[in-house]
Structures are given as structure tokens and as C-alpha cells.
Amino acid sequence: MSQAAVIDGAGFAAGLRGRVADGVATFRNQAGRAPGLAVVLVGEDPASQVYVRSKGKATVEAGMLSFEHRLPADTAQDDLLALVRRLNADPAVDGILVQLPLPKQIDEQAVIETIDPTKDVDGFHPVNAGRLASGLDGFVPCTPLGCLMLLKDRLGDLSGLDAVVIGRSNIVGKPMAALLLRESCTVTIAHSRTRDLPEVVRRADIVVAAVGRPQMVKGDWLKPGATVIDVGINRVPAAEPGKTRLVGDVDFDSALPVAGAITPVPKGVGPMTIAVLLRNTLVSACRREGVDVSPDL
Ligand code: NDP
């Protein structure tokens, strides 16, 4: 029986990070400074701490400046907004990322809307969401843009393909659907109210699963040969007592004999998110300084 190609997201991400590092070197020569990314972490959520640490490390490895701001869990919203405004005004900062989720006393949307849209490298500001929906240039959220890069690398022209995106969050599902529409796919967005999800998925040449439910999408839901992008990151108990492991939203083992290509979890979409964040930060720096580093980002 033929098996799906396993898409090497980690390898693609490493290549992108290399191209970003080359672009940063050119930028530094031309602009006389390094691009800067400010990352703000409020509280001590362990997963967020890991993300922020790895983002900071990757930023420095790419030759950029990393500005980390760690605030206590009881930070008042006004204090966080004041920090964001300072970062908006700081010429050394090209990108601002406030790590989500935020503690309960803080209105996430108010924070997102305070970030200068031209420094919104996460692409969550309504101005950037609107620009994407309108087909205009702007910042696109890192995870869906990374998924699109993997799809185009695998399939080339996506025009006319049937794509099903499962999940409609502002962070993944909706921008993913907008990107696929921009590529002239016929796009269906499925969510928790969708009727007969397996039947909807069965029509798709491209399936993007961004649900947060371990191994929900089964192999027999897939059209043979479909390209499957698994965004889910779910921690489940491992076979060894007391241990855990990461799985996606797709049941990888049953999908493998049916799909044409599939991203694994881990080492699929996950590494793309940070690579695209670095890419967006470099793009922001280039726009601010009027520098053109590379067409391949
Ligand atoms: P959200 O919880 O914000 O959204 C989940 C979406 O899935 C919702 O639209 C929800 O529908 C839908 N959904 C829930 N249950 C079902 C169901 N039974 N059938 C169909 N649809 C369903 O999650 P995110 O978009 O933020 O993240 C999704 C997954 O991607 C998570 O596992 C997350 O960890 C992972 N992730 C991975 C990243 C990476 O770097 N690889 C980055 C970001 C997220 P409804 O709207 O109706 O409630």
C-alpha cells in the first residue's frame, strides 16, 4: 500500500530561518542596525514561558535584537497598555508580540488593538486581519502563513483545489481560509457546528486541521491523495505510565495510508510558526527602513 509523504516542516523552517538570517545580514549592512523583536510575557504560564524563551533564542540566532519584557501575573491592564505604547514609539523595535493567553484581568482584544499595526508581526490586529480579508498587504498570522508555505512548496499552484479548514479561530482558521482563498482555492470553513464533518472533509484536496482535539480527523475521512496540514498540538498520556506525548488533530497512523502528504506532530507546522515570526519581523524592519533584502521570504 502506498504511504503519504511526510512533510518535513522542521527542515523547511530551518531553511526559512537560514534565508531570514541572510536577509538580516543584508539589512544590517544597509540600515546600520539590527531588526528588533519585542516579546511581552505576562505571568508564569509554563507553556508560554517555553514559547517566549524559544522565540528569544531564535531571534538572536537570526542576528536580530530580542527585547524580552516579563511582567507579573497581577499586572494591571493600563500598565501593559503603557508598555505596548512605549514599544510602539521605540525606533529599535520592529515587531511586537504579546504572548497569549493573558491573565483574566486583562482584555486581550484591547492589548491587540493597542499594538501599532505596522509592528504587529503576529498579524492579530483588526487592521491586519481586515487587510488580509481585503486582499491587501499586511502582516499575516505566523501559523497559517507557515502552513501556506508548506502547501505551496508541496503542491505549487493551489488554484482550483478544494480546501477544508477545520477551525475558525482568529489566530489560525480564519486567516488560513483567507490565505487559501487568495490562492484561488474553493474554501470551506468547518467548525463545531458543522454537520457531517467527515463528509465535508472527504471532498477536500487540502485539509487544514486546527481544532485542538487529539487525533480527531480519521484516515477514512480523507479523500485519497489529499494533502493534510495538522496544526493541532495536543498533549496526551504516553504508553509509559506518568509520561506524555504530543499528537495532532489528525490520527496520523490511519491518515498515512490514505493521504498524499501529511505534516507530522511534532516537527510539522510547529517549527514554521517561529520561522515565520522571524520572517515577519525582518519584513517589518525592511518596510520601516525602505530596505529590500530578498524576494524569497
Ligand atoms: P481554538 O480553540 O481557538 O479554535 C478551535 C476551533 O476548532 C474552533 O473554531 C472550534 O469551533 C473548532 N472545533 C472544536 N471542536 C470541534 C469539532 N468537534 N468539530 C469541528 N470543529 C471543532 O484553537 P486555535 O485555533 O487557537 O488552535 C487550534 C489548535 O492548533 C490547537 O491544538 C492549538 O494548540 C494548535 N496551535 C498550534 C500552533 C502551532 O504553532 N503549530 C499555533 C496555534 C495553535 P467553534 O468556533 O464552533 O467553537
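Numbers for residues simply follow the sequence, beginning at 1. Remember, it's 1-based here, ligands and their atoms both numbered in the order they're listed.
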Ion pair [X]/[Y], N-O distance below 4.0 Å:
| X | Y | value |
| --- | --- | --- |
| Glu183 | Lys152 | yes |
| Glu289 | Arg33 | yes |
| Arg131 | Asp137 | no |

Give the minimum heavy-atom separation between [X] and [Y], together with the two atoms involved.
| X | Y | answer |
| --- | --- | --- |
| Leu132 | Val140 | CD1-CG2, 4.1 Å |
| Asp94 | Val121 | O-CG1, 4.4 Å |
| Ala62 | Val20 | CB-CG1, 4.4 Å |
| Val60 | Ser66 | CG2-CB, 3.9 Å |
| Ala58 | Leu278 | O-CD1, 3.8 Å |
| Ala110 | Gln77 | CB-NE2, 3.6 Å |

Check each atom of ligand 1 against the heavy atoms of [X] and keep those under 4.0 Å away; list them by number with element.
| X | result |
| --- | --- |
| Gly270 | 41 (N) |
| Asn234 | 32 (O) |
| Gly167 | 6 (C), 7 (O), 9 (O) |
| Arg213 | 14 (C), 15 (N), 16 (C), 18 (N) |
| Val269 | 41 (N) |
| Thr273 | 39 (C), 40 (O) |
| Val231 | 30 (O), 35 (C), 36 (N), 37 (C), 41 (N) |

Evaluate [X] for polar contact with ligand 1, using N/O atom pairs at a separation under 3.5 Å.
| X | value |
| --- | --- |
| Ile171 | no |
| Asp249 | no |
| Arg193 | no |

Which residue from Ile166, Val172, Ile233 reaches closest to atom 44 (C) of ligand 1 through any of its heavy atoms?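 The residue whose heavy atom sits nearest atom 44 (C) of ligand 1 is Val172.
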Checking heavy-atom distances from atom 5 (C) of ligand 1 to each of Leu100, Val201, Val211, the winner is Val211
A side-chain contact here means heavy atoms from C-beta on lying under 4.5 Å apart; do Arg245 and Pro237 qualify? no
Can you check whether Leu148 reaches Met176 side chain to side chain, under 4.5 Å on heavy atoms? yes
What residue and heavy atom of the protein are closest to [atom], and at what distance?
| atom | result |
| --- | --- |
| atom 29 (C) of ligand 1 | Gly212 N, 3.7 Å |
| atom 9 (O) of ligand 1 | Arg168 N, 2.8 Å |
| atom 21 (N) of ligand 1 | His191 C, 3.1 Å |
| atom 48 (O) of ligand 1 | Ser192 OG, 3.6 Å |
| atom 1 (P) of ligand 1 | Ser169 CB, 4.2 Å |

Just heavy atoms, cut-off under 4.0 Å: does [X] contact ligand 1 by side chain, backbone, both, or neither?
| X | result |
| --- | --- |
| Thr194 | neither |
| Thr143 | side chain |
| Met216 | side chain |

Could you check whether any heavy atom of Ala210 sits closer than 4.0 Å to an atom of ligand 1, since that is the contact criterion I want to use? yes
Can you confirm whether Lys218 is buried at NZ, in the sense that more than 12 heavy atoms of other residues, nucleotides or ligands lie under 6.0 Å from that atom?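 Correct, the count exceeds 12.
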Both conditions, 6.0 Å and 45 degrees, for the charged tip of Arg287 above the ring of Phe139: are they met here?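 Checked: cation-pi criterion met.
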